[in-house]
Each structure stands twice: as C-alpha cells, then as structure tokens.
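Take this structure first; my questions come after.
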Amino acid sequence: DDPIFDIISALADKDVLTMVRGLSKEEIRSPFTDGVFGMDEARTNAAIRRMKGAGLISSRRDGPDHVYFLNKGRYKELEHFLSGLFSE
C-alpha cells in the first residue's frame with residue numbers, strides 16, 4: 001500500500017474535492033439526509049467513504065451522530081511529498 005497514492009486517488013474525485021473545500025471551512029454532522037455542500041445524500045456518503053479509506057477525514061461521536069473533520073496529518077504527508085518533488 002502507498003499512502004500518497006491513496007490520497008491522490010481520493011482527491012481525483014470531484015465530490016471528494018468538494019468535501020475537502022467545505023470541510024476546510026466547517027465540520028459536518030451525520031446523518032446527511034439532505035446532503036452537504038450542494039451534494040445529495042448518496043454523493044455525500046460515497047465521498048465520506050472514499051475519504052475515510054484514504055485517511056483524509058477523522059470523526060468523533062457526539063451523541064448518536066458522527067462529526068467529521070479533515071485529518072490534517074494526512075494533508076501534511078501530501079504537502080511533504082509535493083515539496084520534496086520541487087526542492088532544490
């Protein structure tokens with residue numbers, strides 16, 4: 001398994017990018033019956049699963065709900081990888 005490949009593959013999905021943009025501004029709370037960030041419930045849930053698989057989001061329990069937020073450590077891994085490509 002290659003974590004950078006997993007991150008980049010997930011980010012290649014338009015809905016995942018929509019989620020990343022939205023989650024960079026605010027956390028979201030399940031269930032997603034009305035969807036989030038302009039996406040319906042099915043697209044939201046699919047993007048959540050893809051992001052979880054790549055480690056791009058984390059969650060915490062709040063009563064019966066899950067609250068989702070960006071896993072900033074994974075984005076730091078991507079940042080480190082990309083900066084290594086362009087270092088002098």
_Residue pair I48 / M19: nearest heavy atoms and the distance that separates them_ =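 Nearest heavy atoms, I48 then M19: CD1-CE, 3.4 Å.
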_Rounded distance (nearest 0.5 Å) linking atom CD1 of I7 with atom CD of E79_ =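 One finds 11.5 Å between CD1 of I7 and CD of E79.
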_Those residues that, when tested against D40, pass side chain to side chain donor-acceptor pair (under 3.5 Å) (two or more places apart)_ =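 Partners of D40 by the side chain to side chain donor-acceptor pair (under 3.5 Å) criterion come out as none, since no residue qualifies.
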_OG on S58 to CE on M51, rounded to 0.5 Å_ =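 So the gap between those two atoms works out to 10.0 Å.
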_L70 versus Y75, closest heavy-atom pair with distance_ =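 Distance-wise, the nearest heavy atoms are CD2-OH, 3.4 Å.
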_Which atom of D6 lies closest to which atom of A54, heavy atoms considered_ =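 Looks like O-CB, 3.6 Å.
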*Following the transitive rule for hydrophobic clusters with a side-chain heavy-atom cut-off under 4.5 Å over Ile, Leu, Val, Met, Phe, Trp and Tyr, establish whether L85 and F5 coincide in one cluster.*
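Looking at the clustering, F5 is in a separate group from L85.
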_Test side-chain contact (heavy atoms from CB on, under 4.5 Å) applied to I57 and R74, K52, H66, the passing residue_ =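 Only one of R74, K52, H66 forms a side-chain contact (heavy atoms from CB on, under 4.5 Å) with I57, namely K52.
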_By side chain to side chain donor-acceptor pair (under 3.5 Å) - contacts of R21 (at least two apart)_ =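 Once residues adjacent in sequence are excluded, R21 has no partner under the side chain to side chain donor-acceptor pair (under 3.5 Å) criterion.
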*Mind checking what makes ring-ring contact (aromatic ring centres under 6.0 Å, His included) contact with F32, not counting sequence neighbours?*
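F32: ring-ring contact (aromatic ring centres under 6.0 Å, His included) contacts with Y68.
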_Tell me whether V67 shares a hydrophobic cluster with F37, the cluster being built from Ile, Leu, Val, Met, Phe, Trp, Tyr side chains joined at under 4.5 Å._
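No, it is not one cluster - the side chains of V67 and F37 are not joined through contacts under 4.5 Å.
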*Which pair of non-hydrogen atoms, one from N71 and one from G55, has the smallest distance, and what is that distance?*
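For N71 versus G55, the nearest heavy atoms are ND2-O, 3.0 Å.
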*Taking all non-hydrogen atoms of both residues, which atom of F69 and which atom of L23 are closest, and how far apart?*
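Heavy atoms only, the tightest pair is CA-CD2, 4.4 Å.
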*asked:* For D34, is the CG atom crowded, meaning more than 12 foreign heavy atoms sit under 6.0 Å from it?
replied: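 Open.
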*Approximate separation, where rounding is to 0.5 Å, of R50 CZ and S9 OG*: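 Nearest 0.5 Å value for the CZ-OG distance: 6.5 Å.
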*Which heavy atom of T44 sits nearest a heavy atom of M39, and at what distance?*
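Where T44 meets M39 most closely, the heavy atoms are OG1-O, 3.6 Å.
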